[in-house]
Amino acid sequence: MLLDHIGGFRSFRKNVHGSWRHLISASASPPLTVEETGDSLERIGSLSQVSGVLGCQWGDEGKGKLVDILAEHFDIVARCQGGANAGHTIYNSEGKKFALHLIPSGILNEQTLCVIGNGVVVHLPGFFKEIDGLESNGIPCQGRILVSDRAHLLFDFHQVVDGLRETELANSLIGTTRRGIGPCYSSKMIRNGIRVSDLRHMDIFPDKLDLLLSDAASMFKGFNYARDMLKDEVEKYKIFSERLEPFIADTVHVMNESILQKKKILVEGGQATMLDIDFGTYPFVTSSSPSAGGICTGLGIAPRSLGDLIGVAKAYTTRVGSGPFPTEILGKGGDLLRVSGMEFGTTTGRPRRCGWLDIVALKYCCQINGFSSLNLTKLDVLSDFPEIKLGVAYKQIDGEVLKSFPADFYVFEQLQVVYEELPGWNTDISSIRNYKDLPLAARGYVERIEELVGVPIHYIGVGPGRDALIFK
């Protein structure tokens with residue numbers, strides 16, 4: 001598969017050999033001027049050629065909304081890691097809600113090419129279900145999505161194994177979404193996984209799948225593998241392989257050729273740094289690298305290509321599932337945050353644990369990723385609180401203040417959070433669109449976060465709608 005050119009205003013067609021070729025529109029519009037767009041769009045337009053949007057907490061920060069807004073200024077939006085355990089909720093211009101899991105959030109912008117990179121694990125039944133849902137709502141997908149031939153396939157049995165593994169852990173549950181992500185990455189790492197490119201060799205596909213299923217059966221007593229299962233899966237994936245063929249591409253070549261041609265690329269991270277397999281609250285983490293390093297390994301692009309990275313953080317903190325959560329609010333305060341912020345998982349529907357903004361974790365994420373700016377989301381959710389707390393430090397029982405976010409899981413059982421209390425603003429801010437119009441206390445809260453973390457906040461979310469964003 002070759003992608004000759006990718007342009008900002010473009011369409012694609014599939015030729016008789018299955019290749020993708022770019023048709024450059026002679027009527028492409030010139031870029032808008034600063035006078036036409038305003039300072040906020042000038043800032044967006046000045047983002048680096050390869051920019052990224054990554055999560056700063058334990059996921060669910062609202063990355064999809066920012067990606068959707070920025071996408072119209074980029075030629076490509078790419079996913080580099082994770083799978084259908086990512087849940088990105090976005091709204092179109094009419095306010096219709098779309099919940100995406102595998103397909104990049106740039107899909108609502110019809111001039112944007114969406115790339116699913118080699119670092120992603122792809123569940124084809126879910127992938128096609130998303131496409132069918134989008135197209136039934138008038139969002140065209142044909143010719144607008146490329147799937148890496150190096151991406152690994154996530155099968156239904158991976159989801160079964162995920163659940164069996166959680167059952168084995170009993171009281172030490174990881175809190176997985178049970179979407180099969182961990183088992184699929186495990187198959188990848190022990191080198192018996194099946195990649196998208198294997199769908200082009202259906203003569204040997206059954207043998208590879210048999211090996212994979214036999215391996216799962218040998219490890220889990222509750223996994224019953226019969227030959228009929230293999231036969232049914234092979235027949236199903238013969239159909240999937242035919243439907244997927246127009247989407248398959250050598251995305252490493254596509255991405256690097258696009259960089260050479262000065263096309264603008266926006267990378268959309270799934271999950272967040274505090275769930276990173278290396279840097280997160282291990283073992284209560286995901287199975288990929290949702291931090292900046294995952295962009296290079298998940299798309300096959302060089303580190304020197306990366307430019308602006310935008311970190312997304314809620315104005316408070318949430319996480320789903322088990323694991324350390326130092327600033328968690330238990331009882332009525334946490335319940336109020338959960339209801340006000342509609343904190344229920346996009347992927348699973350599970351209620352999220354809620355707490356005050358954790359500055360220690362946020363600063364740690366900023367150091368790892370080198371963010372050029374932050375997007376603070378859901379500031380409006382804090383409007384009902386008379387006082388708002390920031391967790392500014394961790395202190396051990398002996399009084400020693402920790403210098404950074406600890407690696408040792410057991411440290412969290414004994415540490416205390418040092419809080420700084422700020423006044424609330426006790427007024428609805430969801431209709432405000434200019435930073436200067438925010439209440440003084442709300443501006444004070446934003447600016448105190450900037451001061452503590454050392455990274456400017458350029459985007460502030462004040463509601464779920466696409467337009468409910470303040471450019472600071």
Side-chain angles (χ1 to χ4, degrees), residues 1-25 28 47-53 67 70-83 100 102-122 124 127 130-131 140-153 195-200 241 243-270 288 292-307:
M1 295 274 180
L2 294 176
L3 188 68
D4 296 327
H5 297 283
I6 303 172
F9 296 87
R10 64 202 163 311
S11 59
F12 291 85
R13 65 177 173 85
K14 182 173 179 289
N15 69 12
V16 293
H17 300 293
S19 299
W20 292 86
R21 298 196 175 274
H22 172 230
L23 303 177
I24 302 176
S25 172
L47 288 173
S48 301
Q49 181 193 356
V50 182
S51 297
V53 175
V67 171
L70 298 180
E72 61 186 276
H73 303 276
F74 286 82
D75 302 306
I76 299 172
V77 174
R79 276 282 306 275
C80 59
Q81 45 70 228
L100 303 175
L102 271 170
I103 295 175
S105 299
I107 194 67
L108 295 191
N109 294 278
E110 295 189 13
Q111 300 301 321
T112 302
L113 174 68
C114 294
V115 171
I116 296 175
N118 58 275
V120 180
V121 291
V122 182
L124 289 182
F127 174 74
E130 281 189 53
I131 286 179
C141 295
Q142 294 298 319
R144 300 188 51 231
I145 301 172
L146 299 182
V147 179
S148 173
D149 53 4
R150 292 175 171 85
H152 276 249
L153 293 173
R195 304 201 294 183
V196 167
S197 60
D198 291 316
L199 293 173
R200 289 172 165 166
S241 67
R243 187 175 180 188
L244 187 66
E245 179 59 37
F247 297 93
I248 302 174
D250 179 353
T251 59
V252 175
H253 174 70
V254 169
M255 298 300 291
N256 283 285
E257 282 296 298
S258 299
I259 290 170
L260 288 174
Q261 295 167 14
K262 306 300 181 185
K263 307 306 177 186
K264 297 203 70 174
I265 299 167
L266 181 64
V267 182
E268 175 184 28
S288 63
I295 296 176
C296 299
T297 57
L299 291 172
I301 60 178
R304 66 180 180 181
S305 300
L306 298 182

Search all heavy atoms of V267 against all heavy atoms of C80 and return the closest pair with its distance. CG1-SG, 3.9 Å

NZ on K263 to CD on E257, rounded to 0.5 Å: 11.5 Å

Taking it one step at a time, do V53 and L266 satisfy side-chain contact (heavy atoms from CB on, under 4.5 Å)? CA-CA 7 Å; V53 175; L266 181 64; 4.0 Å; yes

Are V67 and P104 close enough that some pair of their side-chain heavy atoms sits under 4.5 Å apart? no

Closest contact, heavy atoms only, F247 versus I145: CD2-O, 3.4 Å

Any idea which heavy atoms bring N118 and G300 closest together, and the distance? OD1-N, 3.8 Å

Any donor-acceptor pair under 3.5 Å from R79 side chain to Q81 backbone: yes

Do Q49 side-chain atoms and I259 backbone N/O form a donor-acceptor pair below 3.5 Å? yes

Nearest-0.5 Å distance, CZ of residue R200 to CG of residue D149: 6.0 Å

In short, E110 meets P140 closest at the heavy-atom pair OE2-CD, 3.8 Å

Nearest-0.5 Å distance, CG of residue N256 to CD1 of residue I301: 7.5 Å

Distance (rounded to the nearest 0.5 Å) between L199 CG and R243 CZ: 14.0 Å

Closest non-hydrogen atoms of T112 and G106, given as atom of the first, atom of the second and distance, are CB-O, 3.7 Å

Atom pair CD/CG of E130 and L100 - distance to nearest 0.5 Å: 5.5 Å

Quick one: are D75 and K264 in side-chain contact, heavy atoms under 4.5 Å? yes

Can you give me the closest heavy-atom contact between C296 and L306, atom names plus distance? SG-CD1, 3.9 Å

For the side chain of R144 and the backbone of I107, is there at least one donor-acceptor N/O pair under 3.5 Å apart? yes

Roughly how far, to the nearest 0.5 Å, is NE2 of H73 from CG of N109? 8.5 Å

